[in-house]
Amino acid sequence: MKSLSDMPLENVTRVKALLFDLDGTFVSSGFIGSKAYKGLENLHKSGIKTIAVTGRPAGWCDLMARWWPINAVVGENGAFVYSKIGSEVLRQTFHDMDLLSDYQKKLNILFGKLLKKHPYLKLASDQSFRHWDLAVDIAEEATVSREVAIDIVKFCEAEGAKAAISNIHVNIWFGDYNKENMALNVLDNYGLTKEDCMYIGDSPNDSPMFGCFPLSVGVSSVLNYRDIMENLPTYITDSDGANGFIELVDLIFSTK
Ligand SMILES: [Mg+2]
């Protein structure tokens with residue numbers, strides 16, 4: 001990993017889209033800071049496509065797509081993308097919406113099995129706004145050890161599900177989708193490629209995005225997870241969380 005300040009300026013100037021994680025990256029210390037939000041708004045106004053990429057639920061993403069200064073949001077770890085086009089929100093999902101109740105039943109059965117192994121686990125408080133995944137709370141309102149979080153992933157994978165650890169949840173889903181492919185679909189809608197954009201994140205669930213996007217950036221706390229991440233970001237910010245996000249926005253505007 002290199003320092004963000006070592007990113008060649010020609011790479012910064014050619015950026016046409018910024019994809020960004022929310023928890024631990026754009027949102028830190030439990031709220032959205034005005035400076036980070038203003039930075040996002042300025043990027044959006046400047047014509048750079050702004051695309052949130054998150055494990056957060058469909059209900060939250062619906063509001064973001066409608067009201068935030070973003071072009072699109074990839075939610076529930078790639079289950080769908082909501083894009084604002086004029087006054088409409090276009091909703092594209094990996095699974096057909098007719099299958100929603102079948103997938104929710106499968107997830108509930110899996111969580112029942114998981115509870116037999118770890119009876120104290122709790123679903124995240126945003127679970128009722130989710131469509132396609134389960135989020136087990138590990139560090140938002142509950143405390144679950146890193147070892148148990150890793151065990152949850154192994155258990156779910158053995159049951160044929162996918163699972164990813166973020167800084168607050170373990171997300172679990174059925175289906176061969178992921179954030180990077182859904183993000184590439186969105187970029188394709190805009191006629192952009194992965195070389196045209198940057199991605200910034202903070203956690204193990206960002207590892208596939210770090211692997212996919214050559215101009216990947218981690219906020220400084222990504223170092224806490226370096227031993228359990230397959231792909232590390234190419235660049236790292238000096239600051240953590242939203243301050244790291246602001247550092248990247250400032251770098252982009254320094255070349256304009
Ligand atoms: Mg995160």
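These figures come from a predicted structure and were not determined experimentally. When reading the values below, keep in mind they use all heavy atoms of this one structure, side chains included, and skip hydrogens, waters and symmetry mates.
Of all heavy-atom pairs spanning A161 and L110, the tightest one is CB-CD2, 3.7 Å. In plain terms, the two heavy atoms of K194 and C212 that are nearest each other are CD-O, 3.1 Å. The shortest heavy-atom contact between D21 and G201 is CB-CA, 3.8 Å. Considering all non-hydrogen atoms of both residues, V217 and P233 come closest at C-CB, 3.7 Å. Residues G24 and D202 come closest through the heavy atom pair O-CB, 3.6 Å. In terms of heavy atoms, S83 sits closest to V81 at OG-CG2, 3.9 Å.
Between the side chains of Y177 and N77, not a single donor N or O lies within less than 3.5 Å of an accepting N or O. With hydrogens and angles left out, the side-chain atoms of S166 and S203 include no donor and acceptor closer than 3.5 Å.
S207 OG to I228 CD1: the interatomic distance, rounded to the nearest 0.5 Å, is 9.5 Å. The distance from atom NE2 of H95 to atom CZ of F80, rounded to the nearest 0.5 Å, is 12.0 Å. In this structure, CH2 on W60 lies 11.5 Å from CD on E76, to the nearest 0.5 angstrom. Note that CG of N189 is 11.0 Å distant from CG of L184, once rounded to the nearest 0.5 Å. I152 contributes atom CD1, which lies 12.0 Å from atom CD of E157 (distance to the nearest 0.5 angstrom). Summarising the geometry, atom OG1 belonging to T54 is positioned 8.5 Å from atom CG belonging to N171; distances are rounded to the nearest 0.5 Å.
The environment of R14 atom CZ is dense: over 12 non-hydrogen atoms of other residues, nucleotides or ligands sit within 6.0 angstrom. Residue K116 places its NZ atom among 12 or fewer non-hydrogen atoms of other residues, nucleotides or ligands, all under 6.0 Å distant. Summarising the local packing, CD of E88 is surrounded by 12 or fewer heavy atoms from other residues, nucleotides or ligands at distances under 6.0 Å.
Looking only at distances, a side-chain donor or acceptor of Q104 sits under 3.5 Å from a matching main-chain atom of H131. Remark: the backbone N or O of M209 is not paired with any side-chain donor or acceptor of D206 at under 3.5 angstrom. Put simply, the side chain of R66 never gets that close to the backbone of K84: no donor and acceptor are under 3.5 Å apart. Listed for the T13 side chain is a donor-acceptor partner under 3.5 Å among the backbone atoms of L9. Between the side chain of T93 and the backbone N or O of D96, no donor-acceptor pair lies under 3.5 Å. Judged by distance alone, the side chain of R56 and the main-chain N or O of D126 form no donor-acceptor pair under 3.5 Å.
Linking Ile, Leu, Val, Met, Phe, Trp and Tyr residues whenever their side-chain heavy atoms come within less than 4.5 Å leaves I172 and I168 in two separate clusters. By the criterion of side-chain heavy atoms lying less than 4.5 angstrom apart, applied directly or through intervening Ile, Leu, Val, Met, Phe, Trp or Tyr residues, L18 is grouped together with F253 in one hydrophobic cluster. L90 and L192 fall into different hydrophobic clusters, where Ile, Leu, Val, Met, Phe, Trp and Tyr residues are linked whenever their side-chain heavy atoms come under 4.5 Å apart, directly or through other members. Hydrophobic clustering of Ile, Leu, Val, Met, Phe, Trp and Tyr side chains at less than 4.5 Å, counting indirect connections, keeps I109 apart from F155. Hydrophobic clustering, with ILVMFWY side chains joined whenever heavy atoms are under 4.5 angstrom apart, groups Y82 together with V27.
Annotation: side chain of D137 is not in contact with side chain of L123 (no heavy-atom distance under 4.5 Å). Residues H118 and Y120 have side chains in contact (heavy-atom distance under 4.5 Å, counting atoms from C-beta outward). You'll find the side chain of N243 stays beyond 4.5 Å of the side chain of E247, heavy atoms only. Using a 4.5 Å cut-off on side-chain heavy atoms (C-beta onward), F213 and C197 make contact. At least one side-chain heavy atom of I236 sits less than 4.5 Å from a side-chain heavy atom of V222. At least one side-chain heavy atom of F111 sits under 4.5 Å from a side-chain heavy atom of V136. Inter-residue side-chain proximity for M7 and T234 is flagged as unmet; no heavy-atom pair is nearer than 4.5 Å. Taking the side chain as every heavy atom from C-beta outward, L232 and F210 never approach each other to under 4.5 Å.
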**OP:** Show your working on side-chain contact (heavy atoms from CB on, under 4.5 Å) between S220 and D238 and close with a plain yes or no.
**Re:** CA-CA 6 Å; S220 63; D238 291 333; over 6 Å; no
Original post:
Checking side-chain contact (heavy atoms from CB on, under 4.5 Å) for the pair E180/V53: CA distance, chi angles, key distance, verdict?
Top reply: CA-CA 9 Å; E180 58 276 26; V53 183; over 6 Å; no
**OP:** Give the C-alpha distance, both sets of side-chain angles, the deciding distance and a yes or no for side-chain contact (heavy atoms from CB on, under 4.5 Å) between K16 and K49.
**Re:** CA-CA 6 Å; K16 297 185 178 70; K49 303 284 186 205; 5.9 Å; no
**OP:** Show the numbers, then the answer: is there a side-chain contact (heavy atoms from CB on, under 4.5 Å) between L251 and V12?
**Re:** CA-CA 8 Å; L251 177 69; V12 184; 3.9 Å; yes
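Just one residue in the list T237, T25, D240, N167 forms a side-chain hydrogen bond (donor to acceptor under 3.5 Å, both in side chains) with S221, and that residue is D240. Considering L248, D196, L215 in turn, L215 is the only one that fulfils the side chain to side chain contact (heavy atoms under 4.5 Å, CB included) rule with V15.
Ring centers of F245 and F20: under 6.0 Å apart, within the cut-off. Separation of the F26 and W68 ring centroids falls under the 6.0 Å cut-off.
Residues D133 and R130 are paired through a salt bridge, judged by an N-O separation under 4.0 Å between the basic side chain and the carboxylate. A salt bridge does not link E159 to K117: none of the charged nitrogens lies less than 4.0 Å from a carboxylate oxygen. One finds a salt bridge joining D176 and K162 here, because a Lys/Arg side-chain nitrogen approaches an Asp/Glu carboxylate oxygen to under 4.0 Å.
Taking the ring axis of F174 as reference, the NZ or CZ atom of K106 stays within 45° of it and closer than 6.0 Å to the ring centre.
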Do any side-chain atoms of residues 30-45 form donor-acceptor pairs under 3.5 angstrom with protein atoms, and if so which ones, sequence neighbours left out?
| unit_1 | atom_1 | unit_2 | atom_2 | d |
| --- | --- | --- | --- | --- |
| N42 | ND2 | K38 | O | 3.4 |
| H44 | ND1 | T50 | OG1 | 3.2 |
| H44 | ND1 | N71 | OD1 | 3.3 |

